[in-house]
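All remarks here apply to the structure that follows.
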Amino acid sequence: MLEITRIRAEKDALIEGLKKRGVDFSNQLNQISTLDESWRSKKTEMETIQSESNKVSKEIGKLMGSGKKEEAEVAKKQTAELKKKEQSLKDEVIELEAKIQELLYEVPNVPLEIVPAGKSEEDNITIEEVGQKVKFSGEALPHWELAKKYDLIDFELGVKVTGAGFPFYKGKGAKLQRALINFFLAEAEKAGYTEYIPPLMVNEASGIGTGQLPDKEGQMYHATKDNLYLIPTSEVPLTNIYRDTILPDENFSIKMTGYTPNFRREAGSYGSDVRGLNRLHQFDKVELVRIEHPNNSQKALEEMVNHVKGLLEKLGLQYRILRLCGGDLGFTSAITYDFEVYSAAQEKWLEVSSVSLFETFQANRLKLRFKNDKKKTQLCHTLNGSALALPRILAALLENYQTPEGIEIPEVLEDYLNFKEIK
RNA sequence: GGAGAAAUGGCAGAGCGGUUGAAUGCACUGGUCUUGAAAACCAGCAUACCGAGAGGUAUCGGGGGUUCGAAUCCCUCUUUCUCCGCCA
């Protein structure tokens, strides 16, 4: 959520910045601005009346105290009119607040200077490409066939027990999955992140805090009886740890990591995009979340990008980094780098990580602040990134490391496994 | 799931329906004193919003109500504790 003070101060610049998303928000911002003005004047008016009636009430108190009951009765009658006015002003103020809030929820974050304008993924910029295409001697199988051939993942069983998009990992497939999780967590720990195992369900307030609600309600599984949501990413519980928090001073740099399954309804997805491990309703991910001083958030973003690069390089996967264009940017993000690995058998790029800086957009909703050197409360910056999402990494590993005899295992995972190849 | 008790500032803990945004203690910050420290003493110390400022308004777990006036009374939800039941 954009800060109302920013809209007051630099509305036109914000409108201009938002155009990079390919949508014109001048309507919303102008409306907010107008509503905000009348809100302020109504509020002042209301508070003046409140102040008056508070005074009269105190007078009555004094009169009652000194036994002048009749004078008190007269004063009581005086307040009736004030009450009426106060109530109607209050109604107006509340209505204006609700309207402003509603409009604010509609406006996404403003992209940073270096984010390219653009409408779709076509306009993303590839800023780096690392590694070589794998050459196969024979036919290269897609991961779903490899998974079947070596009995690593059972998709049909998942359909039977739960539904499409909920696979079973089995035997060496399950172990490989667990090894990857441990590897990612170990790397995060080395980089100074504190590990958490968060709840897999969150309440409504948390969903609103990180921006999944109200806009993306349909993306989450909702346990209506208890009004809880299954998390679509551990970003939600991890970031919400710091909801309604004021950090005591400027010296903070909060680095959290967590492994969790993630649940996404993915309504409307279809075709080859959902084949095999490409898109699941439940998938594992190790997430990085950071809360930073505004002066430090750019550096933190860079560190996170380098962290993910390191992981992909250690796994020996060909990858590229994209800077998303305005149109492809998530609602809450100011800048996002996507990481894609090349899946040699499917001959396509698969997104395995997304690293984003939200600046104050999330912190504003979360009420996550710190005390600056002038003892004023100021919003923190939040960041997060996947490091990494498991299924597509697993898919790429299976496909890229396949040989006619079996599947090799990247050396870096050997410490986490009791086998060195899959046959 | 049933029965009972409770929820106040960073913590502890007062608070007859009427200058209570809230006593007091601890913690914290600044100052005096001291060669330095401790102690003692003095002062300061919640958040948000409106306002150039003076100041104003709101907030005592959340929401609603009674009243001229609510931390204080009523309803409701949530959470915590105790007891019972069930259970990995």
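Throughout, a chain's letter reflects where its sequence line sits, starting with A, and its residues are numbered from 1.
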What distance, rounded to whole Å, do you find between the two C1' atoms, one in B:rA37 and one in B:rC50? 47 Å

Flag this pair as yes if the NZ/CZ of A:Lys172 is under 6.0 angstrom from the six-membered ring centre of A:Phe419 and inside a 45 degree cone about the axis; otherwise no. yes

Scan the side chains in residues 86-93 of chain A for donor-acceptor partners under 3.5 Å anywhere in the protein, sequence neighbours excluded, and list what turns up.
unit_1	atom_1	unit_2	atom_2	d
A:Glu86	OE1	A:Ser53	OG	3.4
A:Gln87	NE2	A:Asp91	OD1	3.2
A:Ser88	OG	A:Lys85	O	3.3
A:Glu92	OE1	A:Lys42	NZ	3.3

Got a salt bridge between A:Lys55 and A:Glu52, using NZ or NE/NH1/NH2 to carboxylate O under 4.0 Å? no

What interatomic distance, in whole Å, is found between C1' of B:rA22 and the corresponding atom of B:rU59? 12 Å

Contact pattern, 5' to 3', of nucleotides 60-65 of chain B - B, S or - by protein heavy atom under 4.0 Å: ------

If we take the P atom in both B:rG4 and B:rA70, what is their distance in whole Å? 30 Å

What residues 54-61 of chain A contributes to the RNA chain B interface at heavy-atom separation below 4.0 Å is A:Asn54, A:Ser57, A:Ile60, A:Gly61

Pick the C1' atom in B:rU67 and in B:rC74, then give their distance to the nearest Å. 12 Å

Between A:Thr48 and A:Thr5, name the one whose nearest nucleotide on RNA chain B is closer to the 5' end. A:Thr5

Closest approach to the side chain of A:Arg8, judged atom by atom: which nucleotide of B:rC50, B:rU19, B:rC68 is it? B:rC50

In whole angstrom, give the distance that lies between atom NZ of A:Lys84 and atom P of B:rC68. 15 Å

Among residues at least two apart in sequence or on other chains, which ones pass ring-ring contact (aromatic ring centres under 6.0 Å, His included) with A:Phe252? A:Phe370

Partners passing side chain to side chain contact (heavy atoms under 4.5 Å, CB included) against A:His222 (at least two apart in sequence or in another chain): A:Glu217, A:Thr224, A:Asn227, A:Tyr229

Does the pair A:Arg6/A:Glu10 count as a salt bridge with the N-to-O cut at 4.0 Å? yes

Here the side-chain hydrogen bond (donor to acceptor under 3.5 Å, both in side chains) pairs for residues 413-423 of chain A, sequence neighbours left out, are none

For A:Cys325 against A:Ala117, the heavy-atom pair lying closest together: CB-O, 3.9 Å

Charged N to carboxylate O under 4.0 angstrom, A:Glu187 versus A:Lys190? yes

Short side-chain donor-acceptor distance under 3.5 Å, A:Glu287 and A:Asn262: no

Nucleic acid contacts - residues 37-44 of chain A versus RNA chain B, non-hydrogen atoms under 4.0 Å: A:Trp39, A:Arg40, A:Lys43, A:Thr44

If you measure from CG on A:Leu288 to OH on A:Tyr193, what distance do you get to the nearest 0.5 Å? 4.5 Å

Have a look at A:Lys367 and say if it touches a base, only the backbone sugar-phosphate, or nothing, with a 4.0 Å heavy-atom cut-off. nothing

First of A:Gln50 and A:Lys62 reached from the 5' end of RNA chain B, by closest nucleotide: A:Lys62

Side chain of A:Thr79 only, please: which of B:rA48, B:rC68, B:rU57 is the nearest? B:rC68

Kindly assign one of parallel, tilted or perpendicular to the pair A:Phe166 and A:Tyr221, based on the angle between their ring planes and the thresholds 30° and 60°. tilted

For RNA chain B, the dot-bracket pattern of Watson-Crick and G-U pairs whose distances stay under 3.5 Å, | for other-strand partners: ((((((((.[[[..)..(.....]]].(((((.......))))).(((((....))))).[[[[[..)....]]]]])))))))....

Sequence neighbours excluded - salt bridge (charged side-chain N to carboxylate O under 4.0 Å, His left out) pairs with any residue from residues 351-367 of chain A: A:Asp215-A:Arg365

Taking atom CD of A:Glu250 as the centre, does the number of heavy atoms from other residues, nucleotides or ligands within less than 6.0 Å exceed 12? yes

Polar atoms only, N or O, under 3.5 Å: list the protein pairs with nucleotides 8-10 of chain B and their distances.
none

Using the P atoms only, state how far B:rU24 lies from B:rG30, rounded to an integer number of Å. 22 Å

Using atom types as modelled, flag every donor-acceptor pair under 3.5 Å from a side chain in residues 296-308 of chain A to any protein atom, sequence neighbours excluded.
unit_1	atom_1	unit_2	atom_2	d
A:Asn296	ND2	A:Glu292	OE1	2.8
A:Ser297	OG	A:Pro294	O	3.2
A:Ser297	OG	A:His381	ND1	2.8
A:Glu303	OE1	A:Arg290	NH1	2.8
A:Glu303	OE1	A:Arg290	NH2	3.0
A:Asn306	ND2	A:Glu302	O	3.4

Take atom C1' in B:rC45 and the same atom in B:rG10, then report the distance between them in whole Å. 11 Å

Residues forming a side-chain hydrogen bond (donor to acceptor under 3.5 Å, both in side chains) with A:Tyr242, sequence neighbours excluded: none

